[in-house]
Structures are given as structure tokens and as C-alpha cells.
Protein chains: 2
Amino acid sequence: MFIGTFDLSMDPKNRIHLPAKVRDVLHSVYEPPLIVTVSDRCLAGYAARQWLEKYEKIESEPYTPEKGDLLRAISANAEECPLKNGRILIPTRLKEYAQIKRDVVIVGRVKKIEIWSAERYREAVASTPPSELSERIREYGF
Amino acid sequence: MFIGTFDLSMDPKNRIHLPAKVRDVLHSVYEPPLIVTVSDRCLAGYAARQWLEKYEKIESEPYTPEKGDLLRAISANAEECPLKNGRILIPTRLKEYAQIKRDVVIVGRVKKIEIWSAERYREAVASTPPSELSERIREYGF
DNA sequence: CAAACGTGCCGATGAACATCCGCGCTCCTT
DNA sequence: AAGGAGCGCGGATGTTCATCGGCACGTTTG
């Protein structure tokens with residue numbers, strides 16, 4: 001499973017070196033290539049099978065117009081990103097969506113990874129103060 | 001599966017080059033020809049088998065008058081568009097339905113593709129701002 | 001017969017991509 | 001503390017190939 005946080009940088013050609021740990025997990029438990037999709041303020045990377053399962057699960061639920069738009073946005077903004085020399089190439093469209101400049105944070109989310117603009121990630125983390133986080137941890141007994 | 005977004009142009013003879021990735025998927029997992037039907041503000045392209053499955057699934061559900069009209073419209077406005085030299089020919093009727101001028105956007109929708117007038121697609125995308133999109137993504141956990 | 005339409009073929013070009021390379025940092029080992 | 005190995009970073013380069021548009025031929029239509 002994907003866990004941990006990694007600071008990386010995107011080079012001028014929109015390439016990102018996947019952290020070695022992430023690469024190992026991807027090779028050993030899933031299967032490249034990585035499907036990169038838009039997510040909540042960031043990008044999400046799934047193995048193809050897991051991406052499709054997620055997609056079809058949402059699709060199978062009762063239809064609403066909002067969900068139609070959501071599914072279009074997800075599949076329209078998904079790209080197959082093969083690993084070349086340990087790196088993936090992020091398409092311009094996705095780079096802009098996630099507002100990625102140079103510094104990137106990759107977060108392991110068990111079955112997926114999240115790819116964040118470092119700046120945005122800092123903001124997102126800062127929006128939940130440690131005290132509140134502690135409370136939630138206590139609440140869920142983790 | 002079909003994913004991603006592609007900017008293309010229709011030539012003066014109403015032909016569209018299918019993107020190479022789309023062609024590859026169509027050949028490897030489905031089978032040409034492409035059945036092109038009217039869809040929501042755009043055209044939809046299915047492999048014949050998937051088109052038929054979709055049609056029969058709707059047909060098999062309990063009858064309502066609206067559904068009768070829908071099925072008529074779908075099959076009346078469907079055309080078989082064979083791949084010739086990597087291109088498909090869009091019939092005038094469908095071109096006009098989708099208000100396609102010159103610039104075209106093709107969107108992968110997993111089991112089908114959507115063929116949009118570029119202008120109309122821009123409008124459709126603009127109608128869901130990123131913040132709202134993020135919220136829905138978070139809600140569905142993608 | 002004329003015009004419109006569909007189709008095959010081909011060429012140019014320009015952008016996207018793959019591959020290869022070397023550097024330097026960091027972290028672990030000894 | 002010194003050495004080494006792994007890993008992240010960036011650049012350069014060349015080549016492939018996808019897309020676009022034109023042209024010419026055949027066929028159908030009116």
C-alpha cells in the first residue's frame with residue numbers, strides 16, 4: 001500500500017521522479033502504468049484496475065446530472081502516464097488543474113497516491129490545526 | 001478504456017482523424033466500426049456491440065412513452081461510421097445536431113467517446129467551476 | 001450531363017516523445 | 001569520518017509518428 005509523504009520537484013519538462021518506495025509498491029502490488037486523474041485540489045494516481053473499479057462504482061449508482069458532469073470531468077481529465085526511467089510525464093492540462101509549479105508533494109493514500117503542488121499542500125495541511133487533528137484522532141480511536 | 005481529451009479539427013469534407021490513442025483502444029479492446037449517435041449536447045461513439053447492449057438494456061426496462069421516444073431518437077439518429085484511413089466521416093445531420101464547425105474535441109468516456117463542438121465543450125466545462133468540481137470529487141472520494 | 005459527394009492516397013511539417021547522459025546530493029555503511 | 005551507492009534532478013538530442021490538407025478518381029444523384 002502507498003503511505004508516506006515525499007517532497008519532489010517537477011522538472012521543466014513536466015516530469016516527476018516517482019519516489020522509490022512508491023515505485024516499489026506500484027510494481028509489487030499493483031501494475032504500471034499509472035492513471036492520473038484530477039482529484040480534490042490535487043491529482044490522483046491509480047493503477048488502471050483500481051481506477052476503473054472506482055469509476056464504475058460511481059457510475060453504477062443512480063443517475064444525477066451532477067454525477068454525469070463529475071464522471072465526464074474525471075474521465076476527460078484522466079491520462080495514462082507510463083513510467084519512463086522511473087519518471088512520469090504530467091500533461092499540461094493536469095499540471096494546470098493542480099496548480100503545480102516546481103515543488104511537488106506526493107502523498108500515499110493506501111490504494112492511490114496524491115500529487116500536490118507543494119504550496120497548495122502546505123495550505124491544505126495548515127487548514128487543520130494540530131489540536132483539531134488530535135481531537136479527530138481521539139474520536140476515531142486511531 | 002477510453003480516457004483523456006483530444007483537440008482535433010474536422011476537414012472541409014466532414015472527416016475527423018480519430019486520435020491515435022482512441023484508435024488503438026478501439027482496435028485492441030473493442031472492434032470497429034464506430035456507431036455514432038446523438039447524445040447530450042454532443043455525439044457519442046460506441047463500438048457496435050456496446051451500442052447495442054446499451055440500447056437493449058434501456059429497452060428491457062419497463063416501458064414508458066418517454067422512453068419509446070428516446071429509443072426512436074437514438075436509433076434513428078445513429079449512423080455506422082467506418083474507419084477509413086484512420087478517419088471517420090460525420091454525416092451532415094449529426095454534424096448539425098452537435099453544432100460542429102471546424103474545431104472538435106473528443107472526450108474519452110471509458111466505454112464510449114464523446115464528440116463535441118470545441119466551442120460548446122468549452123461552455124460545458126466552464127459551467128462547472130473547479131471549486132465545485134473539487135467538492136464533488138471529495139464527496140465521491142475519487 | 002453536371003454537380004456533389006465519398007474515398008483512397010500521399011506528402012509535409014512540426015511537435016511530442018524516448019533514450020541517453022552526467023551531476024550532485026543525501027543517507028547509509030563501515 | 002570517509003567512502004560508496006542509490007536516488008533525484010536536469011539537459012540535450014534525435015527520431016518517430018500523428019495530424020492535416022490537398023488532389024484525383026469513382027460513384028451516385030438530380
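A, B, ... follow the sequence lines: proteins, then strands. Residue 1 opens every chain. All figures in this text were calculated on a predicted structure; none of them were measured in a lab.
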Practice prompt. Give me the first and last nucleotide of DNA chain D, going 5' to 3', that has any atom under 4.0 Å from a heavy atom of chain B.
Written response: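 Listing 5' to 3', DNA chain D meets chain B from D:dA18 to D:dA24.
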
Discussion item. Under 4.0 Å between a side-chain nitrogen and a carboxylate oxygen: does that hold for A:Arg102 and A:Asp11?
Written reply: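 No salt bridge links A:Arg102 with A:Asp11.
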
Worksheet item: Rounded to the nearest 0.5 Å, what separation is found between the CG atom of A:Leu89 and the CE atom of A:Met10?
Response: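 Rounded to the nearest 0.5 Å, the CG-CE separation comes out at 8.0 Å.
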
Worksheet item: Atom CD1 in A:Ile74, atom CZ in B:Arg109: separation rounded to 0.5 Å?
Response: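 That separation rounds to 9.5 Å.
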
Worksheet item: What's the verdict on side chain to side chain contact (heavy atoms under 4.5 Å, CB included) for A:Ile115 and A:Ile88, showing C-alpha distance, side-chain angles and the deciding distance?
Response: CA-CA 12 Å; A:Ile115 304 171; A:Ile88 54 173; 4.2 Å; yes

My understanding is that a hydrophobic cluster links ILVMFWY residues whose side chain heavy atoms are under 4.5 Å apart, including indirect links. Using that, what else belongs to the cluster containing [X]?
X        : answer
A:Ile137 : A:Leu133, A:Phe142
B:Val125 : B:Val105, B:Val107, B:Trp116, B:Tyr121
A:Ile3   : A:Met1, A:Val110

Practice prompt. Using the side chain to side chain donor-acceptor pair (under 3.5 Å) rule, collect all pairs that involve residues 23-34 of chain B, keeping only residues at least two apart or in two chains.
Written response: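 Residue pairs passing side chain to side chain donor-acceptor pair (under 3.5 Å), neighbours aside: none found.
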
Worksheet entry | Any pair counted as side chain to side chain donor-acceptor pair (under 3.5 Å), so long as it reaches residues 132-142 of chain A, sequence neighbours left out |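 Residue pairs with at least one partner in residues 132-142 of chain A: A:Glu132-A:Arg136.
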
Fill in: Contacts of type side-chain hydrogen bond (donor to acceptor under 3.5 Å, both in side chains), residue B:Asn14, not counting sequence neighbours
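So B:Asn14 forms a side-chain hydrogen bond (donor to acceptor under 3.5 Å, both in side chains) with B:Lys95.
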
Fill in: Positions of residues 76-89 of chain B (non-hydrogen atom under 4.0 Å from DNA chain D), listed by number
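By residue number: B:Arg87.
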
Discussion item. Which residues in residues 9-17 of chain B have a heavy atom closer than 4.0 Å to any atom of DNA chain D?
Written reply: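 Hits under 4.0 Å, by residue number: B:Ser9, B:Lys13, B:Arg15, B:His17.
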
Sequence neighbours left out, cut at 3.5 Å: what donor-acceptor pairs do the side chains of residues 43-56 of chain A make with other protein atoms?
from, atom 1, to, atom 2, distance (Å)
A:Trp51, NE1, A:Thr37, OG1, 2.6
A:Lys54, NZ, B:Gly141, O, 3.2

Discussion item. Please list all pairs meeting salt bridge (charged side-chain N to carboxylate O under 4.0 Å, His left out) that have one or both residues in residues 118-130 of chain A, counting only residues at least two apart or in different chains.
Written reply: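 Listed once each, the pairs would be none.
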
Item to complete: Find the bend of the helix from C:dC1-D:dG30 to C:dT30-D:dA1 as the angle between its two terminal axes (five pairs each), to the nearest 10°.
Response: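 For the helix from C:dC1-D:dG30 to C:dT30-D:dA1, the axes at opposite ends meet at about 30°.
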
